[in-house]
Amino acid sequence: MTYGGQACSSTVSQYHSALSIPDNPKYTLVCAGCGSVYFDDRLKCQEDSALLRTRYAKRQIELKDVLGMGKFHDWLPVNELITSDSGPITYKCTELAAELGLNNLYISFNGYWPERGAFIKTCSFKELEAFPTIQKLKSSGCSLVLASAGNTARAFAHVAAQTGVKVYIVVPESGISRMWLPEEPTDAIHLIQMGKNCDYTDSIHLAERLASLPGMRAEGGARNVARRDGMGTVMLDAALYMGRTPDHYFQAIGSGTGGIASWEASLRLLEDGRFGSVLPKLHLAQNLPFAPMYHAWKAGRREIIQDIDMPDPKKLIHEMYADILSNREPPYSIGGGVYDALRSTDGIMYGITNSEAKSAQHLFERYEGIDIFPPAGVAVASLMEAVNNQKVDAEEHILLNITGGGVKRLEMDYSPHKIEPAAYAENAHVPLDEIIHKKVLA
Ligand SMILES: *Cc1c(COP(=O)(O)O)cnc(C)c1O
Ligand SMILES: [Zn+2]
């Protein structure tokens, strides 16, 4: 994959060599593959394709006295403090825990649930990625480009509306109904709707073309440390709440970026020294029948083999209940990616059926009293499977990441506003001029 943005003011530093003067003393980037160190912001190592990881100057985290995820400022790759009330919250679960026979089950709730102090108004942990990514871009004067069919698009649109940073969001037609915001959309948001016969992959291709224009920047996906460290605040919040790292971490994955992020955050917590010496075991779940990482991991492979692990992907994706967990090119094999995270933590992967996900979702909602998204149901189902197969003990500390929820709760307090498309693209090859300047309405 390539990422553009050549013409934004601050991207100049992207081309400095590793020996240039540090322009950001708060952190450096270290390659998870070869160990190369970079002092400039970049998405790729010069030597290999492994992920770059932030190394923060502060080995021990000190919380900032703000609401939301900004309190983890020391370990976020941004210079300006994030002051939104949006962030992960952790609580000790009693109702569902009793049902499952667990005595130390902790829930990270990422959504809207004011009674618990949870104020993520686009209702998923994608907002934890959006705030630091957009904060980082703010000073550069660039616009951000992304392709998304759902939670990511809403999260970035929301943060764009809050900060005034421009975003171009390419959405397949099937995703348009998920495009709402808790607030009135602003003209910082440019929604581009694709034609009827286009899928998510077409959206990605169009977004890549847009991102190569001057003044535009691709958000970078899993390679973007702002996204990963933003998601890593789930683990940080839990460890601070519990006073230690958990023994186990459960999450539903599509790309696995959240799993990588949790692993990286727990490595930082180990180095901090005050949160014990447990590296949490990753329990990552996919929704059958589309579960390429589950199949590859079960076969003991670092590589995903398309014909074996995801034959006829379109058909399989169509059959999923939690269809947003359907990334066809997840950062699984690359150095520092999902495979390495699972290896390092002696992790487990789960393949969850639609009916398991649905009944787990309803069980959670009944016991905990809040609505959750289908992927969160997949995560709950994986926890139930782990309990049944004695992969966790009753006394162990377990962190269950509820990656999205509270939409129904939100609707009691806000009336969601639809985001109208600013432009329409019949396919991924349309002239870019039309999309950016003409505003061809659907
Ligand atoms: C994106 C998303 C996931 C999957 O997260 P990854 O770690 O990026 O695979 C799970 N649940 C919800 C609600 C999401 O929006
Ligand atoms: Zn490298």
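Remember, it's 1-based here, ligands and their atoms both numbered in the order they're listed.
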For Trp297 and Tyr350: C-alpha separation, side-chain torsions, deciding distance, then whether ring pair (Phe, Tyr, Trp, His ring centres under 6.0 Å) applies. CA-CA 10 Å; Trp297 176 253; Tyr350 300 79; over 10 Å; no
Assess whether side chain to side chain donor-acceptor pair (under 3.5 Å) is satisfied between Glu219 and Thr133, documenting all intermediate values. CA-CA 7 Å; Glu219 47 81 26; Thr133 298; over 6 Å; no
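Rounding to 10 degrees gives 100° for the angle at the Zn ion (ligand 2) between SG of Cys45 and SG of Cys34.
Nearest heavy-atom pair across Pro185 and His417 is CD-CB, 3.7 Å.
The closest protein non-hydrogen atom to atom 1 (C) of ligand 1 is Lys126 NZ, 1.3 Å. The single protein non-hydrogen atom nearest to atom 8 (O) of ligand 1 is Ser255 OG, 2.8 Å, given as residue, atom name and distance. Counting only heavy atoms of the protein, atom 7 (O) of ligand 1 lies nearest to Gly258 N, 2.7 Å. Closest to atom 12 (C) of ligand 1 among all protein heavy atoms lies Thr403 OG1, 3.4 Å.
Counting atoms of ligand 1 from 1 in the listed order, those under 4.0 Å from a heavy atom of Leu325 are 3 (C), 4 (C), 10 (C). Listed by number with element, the atoms of ligand 1 under 4.0 angstrom from any heavy atom of Ala252 are 4 (C), 10 (C).
An N or O contact shorter than 3.5 Å is missing between Ile324 and ligand 1 by distance. Taking distance alone, with nitrogen or oxygen atoms compared against 3.5 Å, Gly254 approaches ligand 1 more closely than that limit. Residue Gly256 has at least one nitrogen or oxygen atom sitting less than 3.5 Å from a nitrogen or oxygen atom of ligand 1, judged on distance alone.
For the residue pair Tyr321/Asn287, the side-chain donor-acceptor check at 3.5 Å is not satisfied. Glu47 and Ser36 are not linked by any side-chain donor-acceptor pair at a separation below 3.5 angstrom, with hydrogens and angles left out of the test. Using a 3.5 Å distance cut-off with no hydrogens or angles, the side chains of Asn110 and Lys126 do not pair a donor with an acceptor.
Heavy atoms of Asn151 found under 4.0 angstrom from ligand 1 belong exclusively to the side chain.
Taking backbone and side-chain atoms together, Asp48 has an N/O/S atom less than 2.8 Å away from the Zn ion (ligand 2).
Rounded to the nearest 0.5 Å, atoms NZ (Lys281) and OG1 (Thr345) are 7.0 Å apart.
Centroid-to-centroid, the aromatic rings of Trp180 and Tyr414 stay 6.0 Å apart or farther.
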